[in-house]
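Read the structure below first, then the notes.
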Amino acid sequence: MEEKPEKLISDEGIRVDGRRPDELRPVKMEVGVLDKSDGSAYVEFGGTKVIAAVFGPREAHPRHLALPDRAILNCRYHMTSFSVEERKPLGMTRREVELSKVIREALETVVFLEEFPRASIDVYIEVIQADGGTRTTGLTAASLALADAGIPMADLIAAVAVGKVEGQLVLDLCDVEDKYGEADMPVAIAPRFNSIVLLQLNGRLTPEEFKKGMELAQKGIAEIYRMQRETLKKKFSSARMEA
Ligand code: UDP
């Protein structure tokens, strides 16, 4: 485990990786990165690297799980064994099971499941490298992969964590800030409706800090949402040019 730096925020207000408190890490996004799945996306926030793949809508399997009036959405969040420094158990950990559930519940709020009775939509999120914010990066990638698969949705989901580090509110925590900071709050939003689809809080914030933290998250999310739409536009406009 990475050791705690002497200071997480310098006297000049600069963070361990050189960012200002309200800055995102360098972000990369790409869709259509895999051939075998119906939709896919690669998203990177600094050292956190995630691939999402989507299959469906396809016949639900096993068939007795199919629902007569809507599709089921399956979601698996998984960290590869090489994504972290310490030895990670090969099977699904309790944390991965929990994150799969909260990510699924967030995605269910935007996907038009009722359009595909008896079908399943399967979302796989693989964390290739973890450096804080893997659930938010995973959600951001999963919604891009769903859009890439052409699955009808009310909106994309954009997500980022905010937190408190040495008394200062910061956007998009890296692993060291997550581990040694006072609070970590992942937020996911469907920006078109400004509806919060995931909100968790590890640590403590005062009501005032919570309000400010949400504002900071919304600012980051607006930027992430813009990048998501650009990424999709780029793929589909180049596909049109090739046709
Ligand atoms: N982490 C780790 N090993 C684990 C789980 C997490 O090293 O088994 C690290 C990883 O960098 C992760 C960070 O701890 O991004 C924060 O984990 P948390 O559970 O808060 O979820 P996340 O911030 O990734 O959504």
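Scope of the values below: all heavy atoms of this structure, side chains included, with no hydrogens, waters or symmetry mates. Along the sequence shown, the residues carry numbers beginning at 1. Whatever order the structure lists them in is the order used to number ligands and atoms, beginning at 1.
- Checked against Tyr77 for a side-chain hydrogen bond (donor to acceptor under 3.5 Å, both in side chains), the options Glu126, Arg95, Glu98 give a single hit: Arg95.
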What are the distances between nitrogen or oxygen atoms of ligand 1 and protein nitrogen or oxygen atoms, counting only those under 3.5 Å?
{"from": "ligand 1", "atom 1": "3 (N)", "to": "Glu86", "atom 2": "OE2", "distance (Å)": "2.9"}
{"from": "ligand 1", "atom 1": "11 (O)", "to": "Ala130", "atom 2": "O", "distance (Å)": "3.4"}
{"from": "ligand 1", "atom 1": "11 (O)", "to": "Gly132", "atom 2": "N", "distance (Å)": "3.2"}
{"from": "ligand 1", "atom 1": "11 (O)", "to": "Asp175", "atom 2": "OD1", "distance (Å)": "3.3"}
{"from": "ligand 1", "atom 1": "14 (O)", "to": "Asp175", "atom 2": "OD1", "distance (Å)": "3.2"}
{"from": "ligand 1", "atom 1": "15 (O)", "to": "Gly132", "atom 2": "N", "distance (Å)": "2.7"}
{"from": "ligand 1", "atom 1": "19 (O)", "to": "Arg95", "atom 2": "NE", "distance (Å)": "2.8"}
{"from": "ligand 1", "atom 1": "19 (O)", "to": "Arg95", "atom 2": "NH2", "distance (Å)": "3.2"}
{"from": "ligand 1", "atom 1": "19 (O)", "to": "Arg135", "atom 2": "NH2", "distance (Å)": "3.2"}
{"from": "ligand 1", "atom 1": "20 (O)", "to": "Asp178", "atom 2": "OD2", "distance (Å)": "3.1"}
{"from": "ligand 1", "atom 1": "21 (O)", "to": "Arg95", "atom 2": "NH2", "distance (Å)": "3.0"}
{"from": "ligand 1", "atom 1": "21 (O)", "to": "Arg135", "atom 2": "NH2", "distance (Å)": "2.9"}
{"from": "ligand 1", "atom 1": "23 (O)", "to": "Gly133", "atom 2": "N", "distance (Å)": "2.9"}
{"from": "ligand 1", "atom 1": "23 (O)", "to": "Asp178", "atom 2": "OD2", "distance (Å)": "3.4"}
{"from": "ligand 1", "atom 1": "24 (O)", "to": "Arg95", "atom 2": "NH2", "distance (Å)": "3.4"}
{"from": "ligand 1", "atom 1": "24 (O)", "to": "Gly133", "atom 2": "N", "distance (Å)": "3.4"}
{"from": "ligand 1", "atom 1": "24 (O)", "to": "Thr134", "atom 2": "N", "distance (Å)": "2.8"}
{"from": "ligand 1", "atom 1": "24 (O)", "to": "Thr134", "atom 2": "OG1", "distance (Å)": "2.5"}
{"from": "ligand 1", "atom 1": "25 (O)", "to": "Thr134", "atom 2": "N", "distance (Å)": "3.3"}
{"from": "ligand 1", "atom 1": "25 (O)", "to": "Arg135", "atom 2": "N", "distance (Å)": "3.0"}
{"from": "ligand 1", "atom 1": "25 (O)", "to": "Arg135", "atom 2": "NE", "distance (Å)": "2.8"}

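- Hydrophobic cluster of Leu67: the remaining members, joined at side-chain heavy-atom separations below 4.5 Å, are Leu65, Ile72, listed by chain and number.
- Between Pro186 and Gln200 the shortest side-chain heavy-atom distance falls below 4.5 Å.
- Tyr42 and Glu44 form a side-chain donor-acceptor contact under 3.5 Å, judged by distance and modelled atom types alone.
- Tested against Leu34 for a side-chain contact (heavy atoms from CB on, under 4.5 Å), the candidates Val54, Ile51, Asp148 yield a single pass: Ile51.
- Side-chain atoms of Glu96 and Thr93 include a donor-acceptor pair closer than 3.5 Å.
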